[in-house]
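To start, the structure itself, in structure tokens.
Each chain gets a letter, A, B and so on, in the order its sequence line appears, and its residues count up from 1.
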Amino acid sequence: MNAFDVLLERGFIATEDDGTPKQVTDMKIRDILEKKSIACYIGFDPTATSLHVGSLVQIMVLAHMQRAGHRPIALVGGGTAMVGDPSGKSEMRKMLTAEDIEQNMAGLKKQLSRFIEFSDDKAIMVNNADWLSPINYIEFLRDYGVHFSINRMLAAESVKLRLEKEQGLSFLEFNYMLLQAFDFLHLIKNNDCILQMGGDDQWGNICAGIDLIRRVERKTGYGITFPLITTASGAKMGKTEKGAVWLDGDLCSPLDYYQFWRNADDRDVKKFLGLFTFLPMDKVNELGELQGKDINEAKRILAFEATKLNHGEEAAKTAQETVEKIWSGDKKGADIPSLEVESSELEEGILAAELFFKLNLTPSKSEAKRLIKKGGASVNDERIQAFDFKITTSHLQEGEILLRAGKKKYAKVVVK
RNA sequence: GGUGGUGUACCCAAGUGGCCAAAGGGGGUAGACUGUAAAUCUACUGACGGACGUCUUCGAAGGUUCGAAUCCUUCCGCCACCA
């Protein structure tokens, strides 16, 4: 099957009610993907040291492309990150220093490598700062500025939105579109990259690139965008204030990562299986049919597969075992966060709230006390009643003490 | 450059001298109910302290006042119109 149909089938590409694909600049791209091997790209912003699950759609798309025999290019917006994309944002983005960007890029490559094979240039990562930085303003205006129509740019949805809102739009941000268009032009010239993809907030930028390519190179570029994935409850995926679900294991442990998927909304399970695993579609459909509590089996598989992709099979197995041990009531030796304490300390008794805080079960001691008051904290699965409850050696069970915050977060204390 | 407006906690948004750690909503967390789901109901949601106490917070720095998010001064950011 060609890459286009794969993406379509797995739910990456939005469709009309009758099933015809939306957000594709030209359906010819389907035939092209069928008949030959091409290079395609997606841009990532190096705004943090880690990507989070919000970028996973883009990553998976590149991975599917590679599997179908195409060559993915991950473009890191090292140059454009210094400008800021107005698309979809109500605020101006903070600008980053070159050092920040450098550091972030390294993180991104590491993470992308888990999904995409970069060896032998089967995929490449490029930084648009390489060609954007040397640009000379006058030359750029003369050579490319002539090709951009302000009228057309103003009509772009992303720009229109900002103009309507009271935030307005600075000239700096307005230029983002030109730079991104230039990226595409650069890649089609130097890497034969004829396809750009991205989130659907990138539609206008992608079209601008295609336009520019037609005018300058007399070639045809193609674009496909993907709808923003929201959870069934309407929230943007993986972007909770406190816990953006990062791909980096240091920022979000494999265990938490596993649990994130395990706790997916019923209504999202089928969609997620298609988007975020490589399971064959008949398997996905089969799992998607499950109803009622049987759907937990599908979530189990989703969590495992998703974790495997990001953290590797070993980590996924460990996470799954740990979680299932805990839920089956067997908490001994589970691989959960732990803290060592001196036995003398424990003999005197340690404030439970203190331990909850130290084990990151709560962000502060106050929060821990609140949790206890709410009845959400327990020691060895017994609810703590008093906010100044002390934990002592009497709570030791086979050398450890199990702490639990809420239903799902566990940690343990062990004696040195 | 001129005029007017605006800057509040994770986000949106009230608040124009004390009753403001700051209404309301969203989000988040917890409890009940369940299927580690959803929906619903309830509670919590600055930090620290044995909960009535202290400290830090309302763009920044100063000032007036017994007392300021609220008044004054300067500065910074953003917005709109004019030029």
Tabulate protein N/O versus nucleotide N/O from nucleotides 32-35 of chain B, keeping only pairs under 3.5 Å, one per line.
| residue | atom | partner | partner atom | Å |
| --- | --- | --- | --- | --- |
| B:A32 | OP1 | A:R383 | NH2 | 3.4 |
| B:C33 | N4 | A:K407 | NZ | 3.4 |
| B:U34 | O4 | A:K407 | NZ | 2.9 |
| B:G35 | OP1 | A:K293 | NZ | 3.3 |
| B:G35 | O6 | A:D266 | OD2 | 3.4 |
| B:G35 | N1 | A:D266 | OD1 | 3.4 |
| B:G35 | N1 | A:D266 | OD2 | 2.6 |
| B:G35 | N1 | A:G292 | O | 3.3 |
| B:G35 | N2 | A:D266 | OD1 | 2.6 |
| B:G35 | N2 | A:D266 | OD2 | 3.3 |
| B:G35 | N2 | A:K299 | NZ | 3.3 |

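- For the pair A:K409 NZ and B:G31 P, the interatomic distance rounds to 10 Å; values are reported in whole Å.
- Atom CG in A:L302 sits about 16 Å away from atom P in B:U36, given to the nearest Å.
- Within the 4.5 Å cutoff, no side-chain heavy atoms of A:H64 are placed close to those of A:H70.
- Using atom P as the reference point in both B:A61 and B:U8, the two lie 15 Å apart (nearest Å).
- Across all strands shown, B:A9 has no partner, as no Watson-Crick or G-U wobble contact with both distances under 3.5 Å is found.
- Salt-bridge check for A:K299 with A:D266: passed, with a basic side-chain N closer than 4.0 Å to an acidic carboxylate O.
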Test log, rule side-chain contact (heavy atoms from CB on, under 4.5 Å), inputs A:D26 and A:I210: CA-CA 11 Å; A:D26 186 338; A:I210 291 173; over 6 Å; no
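- Counting heavy atoms of neighbouring residues, nucleotides and ligands inside a 6.0 Å radius, atom CD of A:E16 exceeds 12 of them.
- The list of salt bridge (charged side-chain N to carboxylate O under 4.0 Å, His left out) pairs with a residue in residues 352-369 of chain A, not counting sequence neighbours, reads A:E354-A:K358, A:E354-A:K365, A:E367-A:R370.
- Of all nucleotides present, only B:U29 satisfies the Watson-Crick or G-U wobble test against B:A43, with each distance under 3.5 Å.
- Note: CG (A:D265) to C1' (B:U36) measures 13 Å, nearest angstrom.
- Inter-residue side-chain proximity for A:F4 and A:M27 is flagged as met; some heavy-atom pair is nearer than 4.5 Å.
- In this structure, the CD atom of A:E297 is 17 Å from the P atom of B:A37, given to the nearest Å.
- None of A:K22, A:Q23, A:Q196, A:Q202 except one satisfies the side-chain hydrogen bond (donor to acceptor under 3.5 Å, both in side chains) rule with A:T225; the exception is A:Q23.
- One can place CZ of A:F356 at 17 Å from P of B:U29, the figure rounded to the nearest angstrom.
- One interatomic measurement links the two molecules: CD1 of A:I384 to C1' of B:A30, which rounds to 14 Å at whole-angstrom precision.
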Taking N or O atoms only and anything under 3.5 Å, show me the protein contacts with nucleotides 21-26 of chain B, one pair per line.
none

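- Pairs passing the salt bridge (charged side-chain N to carboxylate O under 4.0 Å, His left out) check and including a residue from residues 129-156 of chain A, sequence neighbours excluded, read A:R152-A:D211.
- Applying the ring-ring contact (aromatic ring centres under 6.0 Å, His included) rule to A:Y41 yields the partners A:F184; only residues at least two apart in sequence or on another chain are considered.
- Shortest non-hydrogen contact noted between A:G221 and A:T25 is O-OG1, 4.5 Å.
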Nucleic acid footprint by protein, nucleotides 40-50 of chain B - heavy-atom cut-off 4.0 Å, B for base, S for sugar-phosphate alone: ----BS-SBSS
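- Comparing A:A405 and A:Q259 by the nucleotide of RNA chain B that holds the closest heavy atom to each, the one mapping nearer the 5' end is A:A405.
- Using a 4.5 Å cut-off on side-chain heavy atoms (C-beta onward), A:L62 and A:F115 make no contact.
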